[in-house]
Amino acid sequence: MDNKKILEIIAAIAKKIKAEKDFLTELDNEIGDGDHGINLARGFKSVEEKLPTFADKDIGAILKGVGTQLVSTVGGASGPLYGTAFMKAGNVCKGKMELTDAEFVAALDAAIGGVKMRGKAVEGEKTMLDALCPAYKALKDGIDGGKDLIAALADGIDAAAKGVEYTKTIIATKGRASYLKERSLGHQDPGATSSLFMLQTAFEVLQRG
Amino acid sequence: MDNKKILEIIAAIAKKIKAEKDFLTELDNEIGDGDHGINLARGFKSVEEKLPTFADKDIGAILKGVGTQLVSTVGGASGPLYGTAFMKAGNVCKGKMELTDAEFVAALDAAIGGVKMRGKAVEGEKTMLDALCPAYKALKDGIDGGKDLIAALADGIDAAAKGVEYTKTIIATKGRASYLKERSLGHQDPGATSSLFMLQTAFEVLQRG
Amino acid sequence: MKKLINSVEAVEEQMIQGLVKSAPKKLRKLECGNVVVRAEKKENKVALVSGGGSGHEPSHGGFVGKGMLDCAVAGAVFTSPTPDKIFEGIKAVATDAGVLCIVKNYTGDVLNFEMAIDMASDEDIKVDHVVVNDDVAVQDSLYTTGRRGVAGTVLVHKIAGAKAEEGATLEEVKAVAEKVIANVRTMGMAISPCTVPAAGKPGFELSENEMEIGIGIHGEPGTHRDKIATADEIAKTLLDKILADIDYKGREVVVLVNGMGATPLMELYIINNFVQDYLAAAGVKVYDTMVGNYMTSIEMAGFSLTLLRLDDELKKLYDAPADTPALKR
Amino acid sequence: MKKLINSVEAVEEQMIQGLVKSAPKKLRKLECGNVVVRAEKKENKVALVSGGGSGHEPSHGGFVGKGMLDCAVAGAVFTSPTPDKIFEGIKAVATDAGVLCIVKNYTGDVLNFEMAIDMASDEDIKVDHVVVNDDVAVQDSLYTTGRRGVAGTVLVHKIAGAKAEEGATLEEVKAVAEKVIANVRTMGMAISPCTVPAAGKPGFELSENEMEIGIGIHGEPGTHRDKIATADEIAKTLLDKILADIDYKGREVVVLVNGMGATPLMELYIINNFVQDYLAAAGVKVYDTMVGNYMTSIEMAGFSLTLLRLDDELKKLYDAPADTPALKR
Ligand SMILES: Nc1ncnc2c1ncn2[C@@H]1O[C@H](COP(=O)(O)OP(=O)(O)O)[C@@H](O)[C@H]1O
Ligand SMILES: Nc1ncnc2c1ncn2[C@@H]1O[C@H](COP(=O)(O)OP(=O)(O)O)[C@@H](O)[C@H]1O
Ligand SMILES: [Mg+2]
Ligand SMILES: [Mg+2]
Ligand SMILES: [Mg+2]
Ligand SMILES: [Mg+2]
């Protein structure tokens, strides 16, 4: 996976998020303040505008640039969280023009670590972590078990999708939805959903080859 | 017509106004501020409560008492106008325990004079005067032409009803409806309508005998 | 009708009680009715009495206090108070220096205040009145009731109040009130109606893309209905009408961007952003700006714009101290 | 969506521009974004920086000025501002005495302010922060995000602002802010939702006889939905929850009856009427009362009640002069 592919994935994620803006906002309406899609769309629109300036940069610089851009345009909870995720992923890809499958897995691990650190959250609190963590686990298991990245990522996406479903069954203890207590039951977490979309998009781009 | 009959008429008017509260308010909604029925109902409710204290008073005192009560409970434009009307009618009936037909006519004349003076208005401005003035004219013509009070008052009511219809065709130049200019066309004046109701009620009580 | 009230009948009294209890050291309610006066009667100055229907909060009770009114008489919602209550208010605050009543030009207000003034004069109280008619939405004409009194009334309260506080005579206070009236112009609009509690339903209905232009302050429809436009376009419509009425060019003005009750401050600031630029371009110099809910129509959404043309005297009085629930300076 | 705006994209900036233009001698907007600072930087005192999403007007920009904030950073509607903008605000007002950030307890606000504070510390700016969490509608717990910060924040601004204006050290200003936070409690409700301009439709829907209890200030639904009740009953529900949280008995308090944006002042006064009687009966002494729109949710109709338990220091600082667009003393 080279820097061009990474740029392609980022561009595709930006497109996807903009397309799902209303859906994500609608989800946030139910258990939050109805801005998750608006926030991310604003951020990824500005990422899109920045992409040309990243053209020849290494993967670490690209991911860090995306993170910085998200931090300074998204706002809300998801801005610092996704921003930190990309920045942390960028850290472990510093100077690299290409990633091995193992490095890709390590980058996702770093991203998740960033979210946990920044959000002081763990799995099971009805946040983006409930999509990201299971996805990471399935992906890592797949790679460790000898699957190729595409196949492993397919498992990861399935796990993330299950994680999103799982968020419907639990009460939020982090983020804005936590104020609703029982009322957050039955609703899927917007952040987990946007995380699923990002992973799905990465998968689709890689599958296209 | 003795003071008992006058009290009966007042009581019947109070009942009628309360029954027509919503209708009068609705009319005022169209071209005013939607309170004419509320205002008059509040006033006549308190008149009703006062009626027992008027039981043995002369007609002048009764009408004056009604006027004073209206002035201090109705508010808005119609409070001082109807209040003054009853007070002026009371003035010309001072000390009387009974009214001749001519005295009844004179009382109505005084009432109308009071409205004109207080409201600085004349016929044709889309106000209560457009019911009261034609009614007075028909009543007076009837009595002068030898009709009895009931027959003459029947003419008066017809004229008042026509006056109410006429208010639909003119632009208001007095009161709150005047701010609407052309928009007041097509709507009947609430005050003219409440005046018609009062005259109708008086007629019905007298007709019952 | 969805309102935070207890009963339709109790609205006016509980509201006035709640106002007075928010500033018990400064305000007092008369026993006889919904009449708010300063807790301590101020002697040796002209007393200012204002009032009108309820539903315009913070007008008028919110402007009772040092530097503004001595008394505000509240009628039923959108219904001018009755003469007896106004008379009680006048009596409670009257001093040897006299009383000035500030009346908005509505038939009801004018008639009820006139009767009260007659009653006060009969008891040898020195009392006079001015009639505010700042609304340029309605044409002034000798043959009609003339213009309505709307948000500009707040500036009459402020400036006449400051003059009275200075110890001016009744004639002087009246003269400066008349000067404000001669120089103040307002126009308003609404994007949603309001509901008189006793009526239980809105005064008019507007569809999603409609607005009323030239509304008064009693929930009545305006002079015309139009397709909704941007904040800037609407503000321009109102300003153009105001600027065409008297000559503001090269003059200093106070700007009042007044919310009708349910308009978020966010929108009033967006409107003010345009107003300030437009006035600058029109060569009108803004001396000061007030943005907020000053003369409302219960929960109507909309706004009015007011311009007051200043001279040195008006500037000084506008700046003078005021200590009331709704205006402090 | 019916709003007096020009375009969904321009809401935040035009609103901030309009605010600043309403007091050009006192306020200034930074070039870099929607950051409001005092027109003249105050040296030799701790600088107070607050902020959050837009949509809470007059919070937070309306409280910039003498005796309150030095800087308010506005994010998109209901979205906390980004760290870079907060950092610009901190830089613009930072003095040698240091900077105190007043943050409301929402994940977004806390995270963005934390990142900004890291950036400022990296540049050797002395900066600290407090987190306001006055909302008793949500349970405080070690395992959750804790309580939200809502209208009580205004009293933190007022009192910490007065302390800073006195020339206190950063530690002292922080200590008094923490004292306010320890003693202030709020709870709110809504009878109608609000619409984030960019979303174009209301955050939730309520039928004619429903209300949301325990709302925050971002248009979210509350902790539960209930059948609508009278103003007194609702106020009692909120007050009981507040009074059960910390002991107010025999203490002096400031009462804040806060409108959510579209609530007519008439209703807030009716609510205050009950609140005052109820507190008196509960043996709580009211030192002062504020009634009005202080921390809003755009055009939401509803209100929150806040009680701040006072001691002599807090009383003195509460009474200290303030000169801001939305609060003067
Ligand atoms: N502490 C946290 N850790 C991880 N994710 C969080 C945390 N708090 C919130 N989130 C995620 O952020 C999402 C909400 O993002 P967004 O709506 O953009 O921000 P805000 O809640 O400030 O409006 C939630 O759906 C959740 O997935
Ligand atoms: N100057 C006037 N002379 C005579 N009648 C008037 C005048 N002004 C208003 N009215 C009458 O008063 C009626 C309105 O009364 P009401 O609604 O109770 O008072 P308000 O207009 O103050 O709300 C009008 O329909 C009209 O008939
Ligand atoms: Mg959100
Ligand atoms: Mg009326
Ligand atoms: Mg009326
Ligand atoms: Mg948000």
Best-contacting candidate, [options], against chain C by heavy atom pairs under 4.5 angstrom:
options: B/G34, B/G175, B/G79; value: B/G175
options: B/T68, B/L81, B/I38; value: B/I38
options: B/E182, B/K181, B/R118; value: B/R118
options: B/N39, B/V71, B/L180; value: B/V71

(message) Heavy-atom cut-off 4.5 Å, strictly under: side chain, backbone, both or neither for C/E9 against chain B?
(response) neither
(message) Quick check on C/D84 against chain B: is it the side chain, the backbone, both or neither that has a heavy atom closer than 4.5 Å?
(response) side chain
(message) In the structure I gave you, are the side-chain heavy atoms of C/N34 and C/E12 within less than 4.5 Å of one another anywhere?
(response) yes
Do [Y] and [X] meet the salt-bridge criterion of a basic N to acidic O distance under 4.0 Å?
X: B/D189; Y: B/K126; result: no
X: B/K45; Y: B/E48; result: no
X: B/K162; Y: B/E165; result: no

(request) Verify whether the ring centers belonging to C/Y294 and C/H56 lie closer than 6.0 Å. (result)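 Ring-ring flag for C/Y294/C/H56: false, centres at least 6.0 Å apart.
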(message) Please rank C/K85, C/M115, C/E220 by heavy-atom pairs under 4.5 Å with chain B and give me the top one.
(response) C/M115
(request) Name the region of B/D35, side chain, backbone, both or neither, that has any atom closer than 4.5 Å to a heavy atom of chain C. (result) side chain
(request) Kindly confirm or rule out a cation-pi arrangement of C/R148 over C/Y106, judged by NZ or CZ under 6.0 Å from the six-membered ring centre and within 45° of its axis? (result) no
